[in-house]
Amino acid sequence: MSSIGRIVRKNHSAVFWCTRHYPKAKREAVYTLYALVKHFDDLSSSSLPEEEKAEVLAAWQREISNIYDKKVPQTNIGRRIYKNCMRFKLNRESLETILNSFAMDCPKPLFCPAMAQFEEYCAGVSEIPSYLILKIIAEFDEETTLAVSRCIGRAVEITNILKNIKEDALGGHVYIPREFLDKAGIEKDLSAKEILTHKNLYVARQALADIARKSFNEAYRLLEENHNKNSKPIVYMLNLYRAYFELMDNRGWEIISPKPELKFKDRCKLVCKALFKSGH
């Protein structure tokens with residue numbers, strides 16, 4: 001097993017097993033993209049000084065240039081991207097957009113973004129990675145790939161934001177759009193910790209949840225219309241995050257702790273459902 005495969009197996013074993021039936025080239029490309037996004041996500045949440053985070057991001061700007069200008073990449077993940085992903089003709093703009101979106105949250109945490117900035121962030125950190133993975137594995141037409149990846153990326157990212165709101169706020173990250181906080185009556189001069197404990201935070205969380213719910217519904221509609229055996233990992237991922245979303249929705253958006261958890265047997269059921277059943 002490659003080192004990239006080990007990263008996926010360690011951090012998201014169900015995704016690893018859902019992709020085992022793919023040809024090696026597709027598996028390695030998917031694992032590489034997962035490792036890249038995980039690397040950026042870990043960087044934004046790490047305790048490194050801001051100067052070091054900025055240096056890492058600048059190095060990645062150079063690394064993307066190396067990859068597409070056919071120079072020798074300097075990092076292990078960069079070399080893997082060149083080896084595993086370029087055969088699928090992933091465009092440079094997509095990787096640059098992913099990097100630039102993570103840079104919105106690193107080295108300084110993203111804090112109460114305007115709705116337009118929030119949408120830009122979601123597109124780069126979740127929708128475009130979903131699009132690239134679908135390009136590799138699902139064999140949908142371009143219009144369907146764009147539509148499905150947008151819905152899945154939006155639903156997954158918002159669910160993550162709602163699920164991790166406490167630990168994110170303790171690290172200075174508040175991803176809920178300013179417009180939603182304003183409608184909830186949450187003042188502009190509050191700190192991340194003060195927002196976290198505000199009595200009206202549930203109103204803003206519920207508004208964000210409404211977007212996720214619509215995105216889940218539209219993603220399932222599109223997958224039912226275009227389902228094929230190659231989309232199974234995507235179906236699993238969507239089912240997993242919908243399960244987390246429903247746990248939070250059922251208990252109420254005023255509750256932020258503890259984080260929702262799925263039992264191992266429930267995650268196994270979701271894997272089996274994705275692998276052996278059509279639809280969701």
Side-chain angles (χ1 to χ4, degrees), residues 1-16 19 27-64 66-67 73-85 90 94-111 113 118 120-133 152-154 156-175 192 196 233 237 240-241 244 259-262 267:
M1 187 194 307
S2 71
S3 58
I4 296 292
R6 292 189 185 94
I7 291 173
V8 178
R9 187 171 184 177
K10 178 181 178 181
N11 292 281
H12 218 317
S13 60
V15 171
F16 176 84
T19 54
R27 287 202 314 269
E28 294 292 328
V30 170
Y31 296 166
T32 301
L33 288 173
Y34 179 92
L36 176 67
V37 171
K38 182 76 169 57
H39 170 67
F40 289 147
D41 193 45
D42 288 347
L43 177 66
S44 66
S45 60
S46 76
S47 58
L48 287 174
E50 290 184 2
E51 295 81 4
E52 289 188 30
K53 290 183 178 182
E55 289 173 3
V56 173
L57 293 175
W60 266 104
Q61 290 283 5
R62 296 191 294 272
E63 188 73 319
I64 291 174
N66 288 337
I67 292 166
Q74 300 300 304
T75 64
N76 180 48
I77 295 178
R79 290 188 287 273
R80 293 285 184 163
I81 291 171
Y82 186 84
K83 176 183 176 182
N84 297 332
C85 300
L90 306 186
S94 292
L95 291 186
E96 289 177 338
T97 300
I98 292 171
L99 175 61
N100 292 338
S101 294
F102 274 103
M104 296 169 68
D105 192 37
C106 180
K108 294 184 180 298
L110 189 62
F111 185 77
F118 172 80
E120 181 183 352
Y121 174 76
C122 285
V125 302
S126 191
E127 294 171 26
I128 290 179
S130 297
Y131 168 78
L132 295 178
I133 290 173
I152 290 176
R154 184 67 54 91
V156 166
E157 185 58 28
I158 291 177
T159 300
N160 267 332
I161 288 169
L162 294 168
K163 182 164 68 78
N164 300 323
I165 190 166
K166 182 177 180 179
E167 62 194 73
D168 287 338
L170 294 177
H173 307 262
V174 177
Y175 299 103
L196 182 67
M237 187 66 68
L240 175 68
Y241 279 90
Y244 282 124
K259 287 172 60 173
E261 297 291 343
L262 288 172
R267 295 197 301 272

Colleague: With heavy-atom distances below 4.5 Å as the criterion, would you say the side chains of Tyr34 and Val30 are in contact?
Modeller: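 A side-chain contact is absent here, since even the closest heavy-atom pair is not under 4.5 Å.
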Colleague: Could you tell me the separation between the CZ atom of Arg79 and the CG atom of Asn66, rounded to the nearest 0.5 Å?
Modeller: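 One gets 11.0 Å once the value is rounded to the nearest 0.5 Å.
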Colleague: Nearest 0.5 Å please: distance from the CG atom of Leu90 over to the SG atom of Cys85.
Modeller: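 One finds 5.5 Å between CG of Leu90 and SG of Cys85.
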Colleague: List the steps and the verdict of side chain to side chain contact (heavy atoms under 4.5 Å, CB included) for Ile77 and His39.
Modeller: CA-CA 9 Å; Ile77 295 178; His39 170 67; 3.9 Å; yes
Colleague: Quick one, Leu95 with Leu132, criterion side chain to side chain contact (heavy atoms under 4.5 Å, CB included). Give me CA distance, side-chain angles, the key distance, then yes/no.
Modeller: CA-CA 9 Å; Leu95 291 186; Leu132 295 178; 4.2 Å; yes
Colleague: Could you tell me if the ring centre of Trp60 sits under 6.0 Å from that of Phe40?
Modeller: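 Yes, close enough.
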Colleague: Heavy atoms only: give me the nearest Pro129-Ala123 pair and the separation to one decimal.
Modeller: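 Looking at all heavy atoms of both residues, the shortest contact is CD-O, 4.3 Å.
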Colleague: What pairs with Gln61 under side chain to side chain donor-acceptor pair (under 3.5 Å), at least two apart in sequence or on another chain?
Modeller: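 For Gln61 the side chain to side chain donor-acceptor pair (under 3.5 Å) partners, ignoring immediate neighbours, are Asn100.
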Colleague: So, using ring-ring contact (aromatic ring centres under 6.0 Å, His included) as the criterion, who are the partners of Tyr121 when residues are at least two apart?
Modeller: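 Checked Tyr121 against ring-ring contact (aromatic ring centres under 6.0 Å, His included); matches are Tyr175.
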Colleague: What closest approach, in Å, do Ala169 and Ala192 show between heavy atoms, and which atom pair accounts for it?
Modeller: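 Minimum heavy-atom contact is O-CB, 3.4 Å.
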Colleague: With a 3.5 Å distance limit and no angle check, can you tell me whether Asp168 reaches the backbone of His173 through a side-chain donor-acceptor pair?
Modeller: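 A pair under 3.5 Å: no.
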Colleague: Looking at every non-hydrogen atom in both residues, tell me the closest pair between Glu52 and Leu48 and how far apart they are.
Modeller: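 Taking every non-hydrogen atom into account, OE1-CD2, 3.3 Å.
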Colleague: Working to the nearest 0.5 Å, report the span between CD1 of Ile98 and CG of Leu36.
Modeller: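 One gets 6.0 Å once the value is rounded to the nearest 0.5 Å.
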Colleague: If the condition is salt bridge (Lys or Arg N to Asp or Glu O under 4.0 Å), which residues does Glu127 pass it with, not counting sequence neighbours?
Modeller: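 Arg154.
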Colleague: Name all residues meeting the side chain to side chain contact (heavy atoms under 4.5 Å, CB included) criterion together with Pro107; count only those two or more places apart in sequence or in a different chain, and write none if there are none.
Modeller: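 Side chain to side chain contact (heavy atoms under 4.5 Å, CB included) list for Pro107, sorted by chain: Glu50, Lys53, Ala54, Leu57.
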Colleague: Stepwise, does the side chain to side chain contact (heavy atoms under 4.5 Å, CB included) test hold for Phe102 with Val37?
Modeller: CA-CA 9 Å; Phe102 274 103; Val37 171; 3.9 Å; yes
Colleague: Rounded to the nearest 0.5 Å, how far apart are CD of Glu63 and OH of Tyr82?
Modeller: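 It is 12.0 Å, given to the nearest 0.5 Å.
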Colleague: Distance check, rounded to the nearest 0.5 Å: Gln74 atom CD versus Ile67 atom CD1?
Modeller: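 Answer rounded to 0.5 Å: 10.5 Å.
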Colleague: Is it true that a side-chain atom of Ser44 and a backbone atom of Asp41 form a donor plus acceptor pair closer than 3.5 Å?
Modeller: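 Present.
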Colleague: Can I get a per-line list of side-chain donor-acceptor pairs under 3.5 Å for residues 158-167, giving both atom names and the distance, sequence neighbours left out?
Modeller:
{"from": "Thr159", "atom 1": "OG1", "to": "Ala155", "atom 2": "O", "distance (Å)": "2.8"}
{"from": "Asn164", "atom 1": "OD1", "to": "Lys259", "atom 2": "NZ", "distance (Å)": "3.0"}
{"from": "Asn164", "atom 1": "ND2", "to": "Asn160", "atom 2": "O", "distance (Å)": "3.2"}
{"from": "Glu167", "atom 1": "OE1", "to": "Lys259", "atom 2": "NZ", "distance (Å)": "3.1"}

Colleague: For Glu96, which residues count as a side chain to side chain donor-acceptor pair (under 3.5 Å) partner, sequence neighbours excluded?
Modeller: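 Expected list: Arg92.
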Colleague: Which heavy atom in Gly78 sits nearest to a heavy atom in Pro73, and how many Å separate them?
Modeller: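 Nearest pair, atom of Gly78 first, then Pro73: C-CB, 3.6 Å.
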